[in-house]
Amino acid sequence: MHNFTLTTDSSGYMFEETTGASAGSCSELPLIVSELRQKTSREVHKATMSPTIPPILSVHPTRALVDEPFKVVVENLPPASPVTLHSLIYSEDKDYWEAYGHYTSDHRGIVSAAEDVSVGGTYTGKEPMGLLWSLRPEPGSRTGLRFRKRIVTSPILVHVSVYSGHITQGFREQSPLASVLTERWYMAPGVQRIEVKERGVRGTLFIPPGPGPFPGLLDMWGGGGGLLEYRSALLASHGFASLALEYFSPGELQTADLQLQYFESAFNIVKDHPQVIPDRVGIIGLSLGALLALHIAAESKNIKPHCIVCISGHHLFPFGATIAAAQKDQEKELKTRYDENNYYIWRDVRLPIPSDPAEKTDVRKIQCPMLLVNGDDDQNTPAVEAAEDIAQMMRSQGNLHLLSTLTYPDTGHLIEPPFSPHFRATNFIKPFIKEKVIVLWGGKTKAHSDAQEDSWRKILAFLQHHLYSSTTPKARL
Amino acid sequence: MLTRIVQCQVFVSGLCNKLNPGRSRRLTWRRTQLQGVQTFRMQNSQCCVKLSVQPSRGLVDEKFTVLVQNTLPGFPLTIHALHQSDDGHTWEAFGHYTANNTGTVNVLEDPSLGGTYSGVEQMGLLWSLRAVPGSKPWLRLRKMNIQTPMEFTISVYQGHQTEGFNDQVPLAGVVVERWYMAPGVRRVPITEDGLTATLFLPSGPGPFPGLIDLWGGGGQLVEYRAALLASHGIAALALDYLTPKVTLETGKMVENDYFEKAYRVLQQHPQILGSRIAMLGLSFGTSITFKVAAYSEVIKLRCAVCVSGSHVQPVDGSVKQILAYFNKNSDKTRFNEESQVIWRDLLLPIPTDPAFKVDMGRIKCPLMLVVGEDDQNWPAPDSAVDIKEMMEKAGNSHLLTLLSYPDTGHLIEPPYTPHFRASMFKTVDTQQKMVVLWGGETVAHSRAQEDAWRKILVFLRENLYGGTNPSAASFSHL
């Protein structure tokens, strides 16, 4: 069994005494490092409240999966002192993302993000994970950025620091009182990563550690295209063999013109893997990927997913059309709206929902359990309206018991794994014309982040229930 | 669909037959008779046992939880830990469990009924580790390369197994990493001034308190404890003082100035607080620590921790002289029935002549002593008693904290380090290899390691970081 082991030297990324950082890690922080080292301890503490006794900052656990919570605690502060907790990531795309909260130490000189209230910053209130989900590009960054990790064999490196006073900017120009590095992983140790290039299919398969066999998943992202591995890596870390599928390159949708057959081959690659239980393979998709999941479940004569999860999707894909044609619909400029920033709002393009079943995916044919996850502030897709229509169609067939729907308030289109930063609008390459625009996804950060946490837990429970244990409580007693 | 289910069942039966022919099939079929419904589905669930260990990556002194789900109620299973050490040996530990009425085993709450540990033991899979049968005898597990984690494969096997794990396919398995170094800790080899040392700096700008970390008579540059201390916010220098490059090249043992140079490296470092430097020694390292704390004009320790050692030595003697003093008494070496070496008597009885023990009345900094009452290698408990008396007479006993652990041996290591009652040892001066008795009974010794480490960290935190509000809130997870 091929083990993908960590090779990053944990001291290698920051300082020149050791060998260079491993290729592909988003860990180099050359600017921060040289700035910090220039300031000697004596200089640093001239301006702070306690000249010799530094506070102690700890983040626990220091290495975790991206969906695991952490505890940030500062001790040894003077009582009642104002401090700023700050997090910083230097992304693969070379942008700085940061978040911060304003706190005051208690009479013991302690600040605990899990227990105390942030009174200002990128998040407020009692928010143990605010330092992650409220991350946004540093002021002055390029616009329309989205944080997505492409290399999943290395962790996201988050620098958590504590600064004196309540500050709102210039974090990188000053020295913090203390700083620690924490790793956030999409891949648990022992997860295998296998590049797939067979039967014409392109993707990456992640197999959980252990002998198996495991239930399987076909994992599909949306209209942005390309190959994003992180959700599959995380699903494998939770015991599901998952294939992250690439079905077109960004902007290349018209040349893709993919037929159902491509997805059936991909599904079969998972099903046929010696470590996968062939009748426990499901599909998970977001946006266009969700639409495809519904289409496959309804129309495929060759494959039968055991269950499907559809995030921010819809069923407005007429039978017989190809994907490219379905996406081209979105180019109906007439129905595209623009907000005050000129960001593209595509949610109305498919409204109103047609009543003729021929203009939709016939979800009445779906025979497996389905979980729909939607945000009611989705500005890209009319997911909530579509979900209502799907329910009606399934009710008419007597199959409503197969359907579960989660709808989250003030939540946008991009419902990602927990603690991922929220993006209300980001850069997007318009298919066909290959024009770069900014698309509005929607959602209010706090509500959207809560939805990401809650929905992920429920998605895992749904998959665990249908793919791991199909016994009903009755049979077990 | 039916064929697939049968395939899965066959797969499981295949496993079960290998382990215990007929038993599991009987179990399956009995359930068929009892319930008559949906047996195929139940068999499916048996082949999807779910094992999770959290955290999957942790520091070596952090606890983990092990959870097995999706088995049948009352299902007997073995949870097994396997480790391949860097030097090529294989280590294992295992516990026997029975699933509860929801088909779950939680190591945090459920008792092991047998194996290498028993009872409710959250971390038994680590501290009860031992070399697999057939290994070279008298091995000791120590991680010398701390830039990579220790990897453990934790697996679940059907039934209560005691051997032959290699020949079976487990029901589930996960990989767990255990690190001595937290992310961001910097490892800096130090070779200037003739030193053989490694400095570990905590992550962040600092400044940090410092510590000199000394091991014992086996010599070598042992880094793991210093790396772990740096992961807890202390800039720690692992110092090789018995087998450094200068000694290997010249044959001469180091003198006092070697330790002074090490101290200066810390004192002058821009990220280290020169007035907050401690020393931690184990075994022979304790001898150095007492010497420095009582007599050094140059080295000013903020506090000291002495584990499994003694204050008996020629006063203000050099390293060479101290070793010679021990060798002079080597006729007091004893052997047990297994011909293992017992060295605890070499320094007994505790001398009354003040020329042969450190004047503990001269100690001016807080001192923590950690001793195992079953230490067969050094007379640590006896020395501790004498030290306490000396300090009470001198009026500085308020500086002393004594931790004395029953049934605990000499090698008091960071938590969850496996216990070695005896192992192969090579002394630096004689270069002889022999099996040395360290002492200790595994369960008590493992508990002592956990308790001592937590107390050592709190002691260091209070004395090195302490100002207005020393607190140990961040150690609550240990």
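Order of the sequence lines fixes the chain letters, A, B, ..., with proteins taken first and strands second; residue numbering starts at 1 for each chain. Everything quoted here is computed from the prediction, not taken from an experiment.
Nearest heavy atom pair, residue B/Gly173 against residue A/Pro211, reads N-CD, 3.6 Å. Counting all heavy atoms, side chain and backbone alike, A/Pro54 lies closest to B/Leu273 at CD-CD1, 3.9 Å.
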Next item on the list: Starting from the C-alpha separation in whole Å, work towards a yes-or-no answer on salt bridge (Lys or Arg N to Asp or Glu O under 4.0 Å) for A/Arg63 and B/Glu177.
Entry: CA-CA 10 Å; A/Arg63 294 177 175 90; B/Glu177 292 178 359; 5.5 Å; no

Next item on the list: Mind running side-chain contact (heavy atoms from CB on, under 4.5 Å) on B/Arg461 and A/Ile56 for me, showing each step along the way?
Entry: CA-CA 10 Å; B/Arg461 167 72 62 87; A/Ile56 302 162; 3.0 Å; yes

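A donor-acceptor pair under 3.5 Å links the side-chain atoms of A/Asn76 to the main chain of B/Tyr465, judged by distance alone. A donor-acceptor contact shorter than 3.5 Å is absent between the side chain of A/Thr62 and the backbone of B/Gly58.
Legend: residues meeting salt bridge (Lys or Arg N to Asp or Glu O under 4.0 Å) with B/Lys143, ordered by chain and number and at least two apart, are B/Asp86.
Enclosure of atom NZ in B/Lys300 by more than 12 non-hydrogen atoms of other residues, nucleotides or ligands within 6.0 angstrom is indicated. The environment of B/Asn145 atom CG is dense: over 12 non-hydrogen atoms of other residues, nucleotides or ligands sit within 6.0 angstrom.
Proximity to chain B is absent for every atom of A/Ala64, based on heavy atoms less than 4.5 angstrom apart. Only the side chain of B/Leu59 comes within less than 4.5 Å of a heavy atom of chain A; its backbone N, CA, C and O stay farther away.
Between A/Leu65 and B/Pro55 the shortest side-chain heavy-atom distance does not fall below 4.5 Å. Contact of the B/Glu151 side chain with the A/Pro189 side chain is not registered, since no non-hydrogen atoms from C-beta on lie closer than 4.5 Å.
Counting heavy-atom pairs closer than 4.5 Å to chain A, the top residue among B/Ala172, B/Pro202, B/Gly233 is B/Ala172.
With rounding to the nearest 0.5 angstrom, the OH atom of A/Tyr468 is 5.5 Å from the NZ atom of B/Lys50. The CD atom of A/Gln464 sits 6.0 Å away from atom CD of B/Gln69, with the distance rounded to the nearest 0.5 Å. Atom OG of residue B/Ser56 and atom CD of residue A/Glu68 lie 5.5 Å apart, to the nearest 0.5 angstrom.
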